[in-house]
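Reading through the structure tokens given below for one structure.
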Amino acid sequence: MCGIVGYIGSQEAFPILIKGLHRLEYRGYDSAGVALLNDKGELNVFKTKGKVANLEKFCESKDISGTIGIAHTRWATHGEPSDVNAHPHYSQSKNIALIHNGIIENYLTLKEFLKNEGFSFKTETDTEVLVQLIEYMKGKYSCELYDAVQHALSQVEGAYAIGVIERGRPDVLIAARKGSPLVIGIGENEFFLGSDASPIIEYTKKVVYVEDEEVAKLTRDKDLEIRNLSDVVVKHDVQELKFSLSEIEKGGYPHFMLKEIFEQPKALKMCMNGRVNEQLKEIKLSGIIDNMERFRSAKRILISACGTSWHAGLIGKYLFEYYCKIPVEIEVASEFRYRNPVIFSDDILIAISQSGETADTLAAIELAKASGAFTYGICNVVGSSIARATHSGTYTHAGPEIGVASTKAFTTQVAVLIMMSATIGRQLGTVDNQQYLQLVEGLETIDEKIEEILQQASKIEGISKIFTYARNFIYLGRGYNYPVALEGALKLKEISYIHAEGYPAAEMKHGPIALIDEEMPIVVIAPKFGIYDKILSNVQEVKSRKGRIIAIVTKGDTQIKELADYVIEIPESIDSLSPLLTVVPLQLLSYYVAIAKGRDVDQPRNLAKSVTVE
Ligand code: F6R
């Protein structure tokens with residue numbers, strides 16, 4: 001979703017801001033803009049609908065000088081994507097410019113109030129209301145910009161991360177947050193601002209994560225000052241960024257998504273590093289060990305997440321119930337938070353989120369905490385809001401995921417869930433020695449098995465070209481591979497815009513089978529174990545209706561091979577580890593179908609990487 005960049009220091013701000021906006025493009029946006037104060041203290045705002053490249057072009061003949069500025073990529077919520085609705089927004093006098101992520105929920109009430117005070121509005125956005133409110137407060141209290149921002153924010157309901165600058169004040173940039181993430185980078189006599197660390201990492205590794213209801217003053221040649229809305233000084237921790245610039249660049253791949261698919265063996269190794277011990281044949285997750293009494297006494301686990309992370313959570317349900325014998329309920333966070341769910345104080349809520357910023361998942365955590373439940377986060381982004389809001393948790397350590405379509409985040413989330421169920425099951429005595437060893441040894445070799453699948457990329461590319469005609473796809477799986485069917489379908493629809501649905505294979509007879517004809521591609525995930533015979537019957541049902549079958553099978557399979565039109569082989573594994581393998585060919589299939597259809601896979605239309613509004 002929307003991206004924020006800011007700079008104050010001795011360098012020219014524009015190139016830093018534009019580069020920062022490019023780094024944030026992955027979040028998804030529909031317009032971009034920049035505000036700069038030149039050396040005469042004049043405030044210039046430039047903004048355009050469309051890509052950052054449009055903005056650069058637009059600015060070619062403009063005054064883009066200045067060593068302080070703010071910039072923004074907007075993902076429309078209030079008001080259509082347009083030049084005028086793009087950020088930064090000016091106040092009425094054009095003395096103040098503001099960028100904003102989040103939603104001001106009481107903006108209509110505030111707008112009415114400001115209209116009565118003589119303010120007029122040029123846009124339908126909630127953001128323009130906020131900048132006008134700051135100007136109003138400045139007049140009312142005859143105060144500095146910093147105080148005016150504090151006064152204004154204390155009237156605001158909703159979520160915000162903001163950057164504000166003022167005509168004639170090239171020495172100060174104000175930033176604040178509530179609900180939407182905001183990071184300040186600390187350089188040598190310069191500050192950087194970002195909605196995440198990706199626009200900052202190139203310049204400094206020293207960062208401060210702004211907390212809710214904090215207002216920061218970034219003053220040229222002075223130390224960082226942060227106060228809360230009651231004007232009390234807040235001590236801030238300077239943290240060190242743990243990732244490098246190369247991790248957020250494409251590294252020779254044409255797209256981030258492809259790079260991230262191919263990074264999965266390494267990402268899983270990182271995820272298991274120090275946790276899966278090959279010598280001792282042991283899995284140790286400190287987040288679980290430290291809180292084992294909580295897990296031991298838990299009557300129930302609740303899992304809440306959205307999208308791909310929810311699919312990983314569904315695999316988690318199967319894992320926890322099988323290995324730990326703890327009942328699990330899983331629910332999409334947006335539903336969970338609004339249906340007055342029954343939550344007991346001895347429940348454990350596991351929240352899964354790549355970004356750690358998903359608004360609905362964050363709200364589910366707060367709800368569980370309010371009922372006294374213990375909350376556990378599985379996040380990728382270190383220091384993210386969900387990681388901080390939960391009582392404990394495990395990082396996936398997949399490295400930055402830039403492609404909008406989640407790939408390595410999913411496999412590392414599943415790996416964490418496997419390690420959790422093995423650790424808890426071992427402690428509870430519900431996992432026997434043989435099962436435990438199978439899990440440890442299976443995880444140890446999973447990276448090599450994924451490498452083997454990745455070697456089939458060009459074969460999968462060939463298959464994908466045959467199916468670009470399709471307007472619909474069906475994905476079928478059973479057991480642990482039913483969530484993988486859902487994930488395969490989501491991957492395809494979000495980047496290729498082909499409609500796709502995932503089903504538990506046996507559900508097909510209860511409706512979707514009516515869709516099958518000689519045009520319909522059916523992706524069947526059918527590794528050889530457990531209920532293989534059952535899925536074999538499902539494949540036969542598809543075949544007799546002339547559906548075109550793409551099957552994911554275990555190496556050496558002969559029965560499904562005979563029925564399927566196209567086969568992708570995966571190495572042998574145990575049932576519960578198979579999602580880590582079966583999902584990989586589905587990711588590649590979606591990627592290559594989308595490429596063949598000429599889609600923008602890293603920034604699919606209408607999508608945002610980090611969904612910070614509900
Ligand atoms: C799909 C995808 C989304 C996210 C969802 C949750 O490829 O990326 O469905 O999984 O928006 O995001 P996080 O995991 O950041 O909470």
Side-chain angles (χ1 to χ4, degrees), residues 1 26-28 75 179-181 195-196 198 255-258 260-261 264 267 303-316 330-337 349-365 375 377-390 393-414 416-417 475 483-484 486-498 500 502 583-584 586-591 594 599-614:
M1 292 208 144
Y26 79 94
R27 294 168 71 96
W75 189 84
S180 292
S195 39
D196 64 43
S198 56
H255 297 97
F256 283 110
M257 183 181 177
L258 192 64
E260 286 155 9
I261 292 173
Q264 287 178 108
I303 301 181
S304 206
C306 303
T308 288
S309 298
W310 183 80
H311 297 154
L314 190 51
I315 295 173
I330 164 143
E331 196 162 343
V332 166
S334 54
E335 285 300 308
F336 180 78
R337 66 181 286 196
L349 178 111
I350 299 177
I352 308 176
S353 174
Q354 187 287 128
S355 61
E357 301 297 344
T358 302
D360 285 320
T361 310
L362 201 51
I365 293 165
T375 56
I378 301 177
C379 296
N380 190 34
V381 177
V382 176
S384 55
S385 301
I386 291 177
R388 284 179 290 141
T390 40
T394 301
Y395 282 118
T396 51
H397 293 313
E401 191 179 68
I402 309 287
V404 162
S406 206
T407 52
K408 62 177 180 172
F410 175 78
T411 39
T412 51
Q413 286 166 348
V414 173
V416 166
L417 290 161
Y475 286 70
V484 175
L486 298 179
E487 176 59 8
L490 176 64
K491 244 16 11 135
L492 186 76
K493 65 188 143 196
E494 68 182 327
I495 58 167
S496 74
Y497 318 148
I498 295 174
V583 76
V584 178
L586 304 189
Q587 295 166 343
L588 286 169
L589 186 71
S590 314
Y591 173 79
R599 306 298 191 218
D600 183 353
V601 288
D602 279 341
Q603 290 162 42
R605 69 182 178 205
N606 305 336
L607 281 177
K609 181 69 183 161
S610 171
V611 184
T612 49
V613 296
E614 61 176 287

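Along the sequence shown, residues are numbered consecutively beginning with 1. Note that ligands are numbered from 1 as they come in the structure, with each ligand's atoms numbered from 1 the same way.
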Task: Modelled atom types, side-chain donor and acceptor of Q587 and T407, under 3.5 Å - done: no
- [ ] Report the nearest protein non-hydrogen atom to atom 11 (O) of ligand 1: residue, atom name, distance rounded to 0.1 Å.
- [x] V611 CG2, 4.0 Å
Open item on the list: Taking 4.0 angstrom as the limit and counting only heavy atoms of S353, give me the atoms of ligand 1 inside it, by number and element.
Closed with: 13 (P), 14 (O), 15 (O), 16 (O)
Open item on the list: For the 3.5 Å polar cut-off, considering only N or O atoms, please tell me whether E494 and ligand 1 meet it.
Closed with: yes
Task: Heteroatom distance test (T358, ligand 1): nitrogen or oxygen, under 3.5 angstrom - done: yes
Task: Any residue meeting side-chain contact (heavy atoms from CB on, under 4.5 Å) with A359, in chain and number order, not counting sequence neighbours - done: none
TODO: Check whether the side chains of S309 and Q413 place a donor and an acceptor atom closer than 3.5 Å, and report yes or no.
DONE: yes
Task: Numbered atoms and elements of ligand 1 in range of S309, under 4.0 angstrom, heavy atoms - done: 10 (O), 13 (P), 14 (O)
Open item on the list: If I apply the N/O under 3.5 Å rule, does V404 come out as touching ligand 1?
Closed with: yes
Open item on the list: Going by the closest heavy atom to atom 15 (O) of ligand 1, which one wins out of A333, P604, S355, A409?
Closed with: S355
TODO: For F256, enumerate each residue passing the ring pair (Phe, Tyr, Trp, His ring centres under 6.0 Å) test, keeping only those at least two apart in sequence or located in another chain.
DONE: none
- [ ] Might you work through the side chain to side chain contact (heavy atoms under 4.5 Å, CB included) test for I495 and M257, ending with a clear yes or no?
- [x] CA-CA 10 Å; I495 58 167; M257 183 181 177; 3.5 Å; yes
Open item on the list: Looking at every non-hydrogen atom in both residues, tell me the closest pair between A500 and A489 and how far apart they are.
Closed with: CB-O, 3.6 Å
- [ ] Pull out every atom of ligand 1 sitting under 4.0 Å from any heavy atom of K491, numbered as shown with elements.
- [x] 1 (C), 7 (O)
Open item on the list: Which of the numbered atoms in ligand 1 are under 4.0 angstrom from any heavy atom belonging to A405?
Closed with: 7 (O)
Open item on the list: I need the T412 OG1 to L417 CG distance, nearest 0.5 Å.
Closed with: 10.0 Å
Open item on the list: Between T361 (side chain only) and E357 (backbone N and O only), is there a donor and an acceptor less than 3.5 Å apart?
Closed with: no
TODO: Please write down residue, atom name and distance for the protein heavy atom closest to atom 2 (C) of ligand 1.
DONE: T308 OG1, 3.8 Å
Open item on the list: Any atom of ligand 1 sitting under 4.0 Å from a heavy atom of H311?
Closed with: no
Task: Winner among G307, C306, A351 once heavy atoms are compared against atom 6 (C) of ligand 1 - done: C306
